[in-house]
2 protein chains.
Amino acid sequence: MEGSIQQFIERYLSVSFLVNKRGAALMKCELDDVTHDQYYVLRYIHKRGMCTSTELADVFAVNKSAITAMTNRLVEKGMIERGKDGDDRRVISLTLTEKGKMWLIETEQKVYELVQTMMTKLSYEEIELFIQTYEKLAKILQEMEEKK
Amino acid sequence: MEGSIQQFIERYLSVSFLVNKRGAALMKCELDDVTHDQYYVLRYIHKRGMCTSTELADVFAVNKSAITAMTNRLVEKGMIERGKDGDDRRVISLTLTEKGKMWLIETEQKVYELVQTMMTKLSYEEIELFIQTYEKLAKILQEMEEKK
DNA sequence: TTAAATAGTTAAACAATTGAACTATTTCGA
DNA sequence: TCGAAATAGTTCAATTGTTTAACTATTTAA
C-alpha cells in the first residue's frame, strides 16, 4: 500500500509536468503573438467580465508586480484596457477591448478543437471522472495554500 | 452531448491551468534555490542515469538552446556535470554530481510529502483512475505532436 | 570524398517572475 | 477625528526560461 502511494506520486509528478509542457507547446501554435499565460489572463477576465490586478495575482498565485507587467503587455497589444470605477479610487478595473473579445472568441474556437481532438480519444465517463478529480485537486491545493 | 463536451473543455482548461500554477507555487517552497523547471530536469536525468541535451529538448518540448541555458545554470550550481563519452564525439552526457544526487534525494522526500498530503484526500481507486487517464492524455498529446 | 545531417553552443531579444521600495488611497482604533 | 496601518497598484533591477538565427565540430551517406 505504501509502495503504491509512492508510485502514484512518482507517476503523477512525471505525467503532470509532461502533459503541461506538451499541452502548452501545442496550444502555442494557435495563439498568434499572444503567449500561453496571456491567453489564460484574457480568458479569466472575459469569464468574469472585469477584474482587478489583486484578483489576478491571487488566482494565478503570482506577485502583483508580475500582473502589472503582463497587463502592460496586453494593453500595448490592444487586448485589454484599464479603467477606474467603483468608489475605491485605488482600484483599477481590467476589461477586454472589442479587439480582445474578438480575438478571444476566434481563438477559443481553435483551442477548443485542439482539446476536443484530445478528449474524443477517451470515453465520456472517463473524461467526466478525470475532470471531477482534477477539480477536487484544485480545491485541495487551494486549502493547502491557505493553511500557509 | 455537444454541449457537454464544450463544458468539459471549458472545465479542463480552467482547472488544468490552476492546478499547475498553484502546484508549482507550493512546490517552489521546498526547492531552495533550484527552480521548478530545474527540479524536473534533475529528476529526469536522475531517473535515466544520464542523458543528452537533445533528449531533454525532445522530452520537455523546448529548443535545444533552452536546454543549454538551463544546464549551464545547473552546472554552475554544482548539481550536474557534462562529460564526453560514447563514440560520437559530438554528444555530451549529462549526469548528476554527488551534490546533485544528495539534493535530489532530500528534496524528493519533501515533494513526496506534499503530493501525498494532496492525494490522501482522495480514495485509492480515484487516484488510480485519475493517473491512468492522465497517462493516456500524455500519450495522446505525444501522438498529436508527432503528427505535426 | 564531399555534401548533408546531427549535437551542441552562442548571442540577442522577449516574457514571466520576484522582491523591495514607492505612491495614492482607504480603514480603523485610540 | 486624526494619525497609523492596511490595501491597490506601479516601478525598477535582477534572474530564469524561451525562441530564432548563426555558428562549430563531428558524423553519415551518396
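No hydrogens, no waters, no symmetry mates; every other heavy atom, side chains included, goes into these values. Chain letters run A, B, ... following the sequence lines, proteins first and then strands; every chain starts at 1.
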Handout entry: Rounded distance in Å - CG (A:Leu42) to P (C:dA15)
Key = 14 Å
Practice task
Check every strand shown and say whether B:Thr68 touches a base, only sugar-phosphate, or nothing at a heavy-atom separation below 4.0 Å.
Solution key: base
Handout entry: Within 6.0 angstrom of A:Lys110 NZ, more than 12 heavy atoms from elsewhere
Key = yes
Practice task
Using atom OH of A:Tyr39 as one end and atom C1' of C:dA16 as the other, report the distance to the nearest whole Å.
Solution key: 19 Å
Exercise for the section: Round to the nearest Å and state the distance from A:Leu56 atom CG to D:dG9 atom C1'. Expected result: 12 Å
Exercise for the section: Step by step, work out the ring pair (Phe, Tyr, Trp, His ring centres under 6.0 Å) result for A:Tyr134 and A:Phe130. Expected result: CA-CA 6 Å; A:Tyr134 221 157; A:Phe130 179 74; 5.3 Å; yes
Handout entry: Listed nucleotide nearest any side-chain atom of A:Asp37, set C:dT17, C:dT10, C:dA15
Key = C:dT17
Exercise for the section: Considering just the side-chain nitrogens and oxygens of B:Arg89, establish if one lies under 4.0 Å of OP1 or OP2 belonging to C:dG8. Expected result: no
Problem - Between D:dT18 (P) and A:Gln38 (CD): distance, integer Å - result: 16 Å
Practice task
Please check the phosphate of C:dT9 (OP1 and OP2 only) for any side-chain N or O of B:Arg82 closer than 4.0 Å.
Solution key: yes
Practice task
Find the distance B:Asn72:CG to D:dT15:P and express it as a whole number of Å.
Solution key: 15 Å
Practice task
Give a yes/no on whether any side-chain N or O of B:Thr54 is located under 4.0 angstrom from OP1 or OP2 of C:dG8.
Solution key: yes
Handout entry: Any B:Ser53 side-chain N or O less than 4.0 Å from OP1/OP2 of C:dT9
Key = yes
Handout entry: Test of ring centre spacing under 6.0 Å for A:Tyr124 and B:Phe8
Key = yes
Fill in the blank from the handout: note: A:Glu76, atom CD; C:dA15, atom C1'; distance rounded to Å ~ 12 Å
Handout entry: First encountered from the 5' end of DNA chain D, between A:Val91 and B:Arg73
Key = A:Val91
Problem - Interatomic distance where CD1 belongs to A:Ile92 and P belongs to D:dT7 [whole Å] - result: 18 Å
Practice task
Specify the residue among A:Met70 and A:Asp87 whose closest nucleotide of DNA chain C lies further upstream toward the 5′ end.
Solution key: A:Met70
Practice task
With the side chain of A:Lys64 defined as its heavy atoms from C-beta on, choose the nearest nucleotide among C:dT17, D:dG9, C:dG8.
Solution key: D:dG9
Practice task
Please state whether the phosphate of C:dT18, meaning OP1 or OP2, lies under 4.0 angstrom from any side-chain nitrogen or oxygen of B:Lys28.
Solution key: yes
Problem - Base C:dT6 paired with B:Arg90 side chain (donor-acceptor, <3.5 Å) - result: yes
Practice task
Would you confirm whether B:Gln38, through its side chain, and B:Thr35, through its main-chain N or O, come within 3.5 Å as a donor-acceptor pair?
Solution key: yes
Practice task
Decide if atom CZ of B:Arg82 counts as having more than 12 heavy atoms of other residues, nucleotides or ligands within a radius under 6.0 Å.
Solution key: yes
Handout entry: Between C:dT17 (P) and B:Arg22 (CZ): distance, integer Å
Key = 13 Å
Problem - Residue-phosphate contact under 4.0 Å: B:Ser65 side-chain N/O, D:dT20 OP1/OP2 - result: no
Practice task
Report yes if at least one side-chain N or O of A:Thr35 is closer than 4.0 Å to OP1 or OP2 of C:dA16; otherwise report no.
Solution key: yes
Exercise for the section: Run the ring-centre check on B:Phe17 versus A:Phe60 and record whether the distance is less than 6.0 Å. Expected result: yes
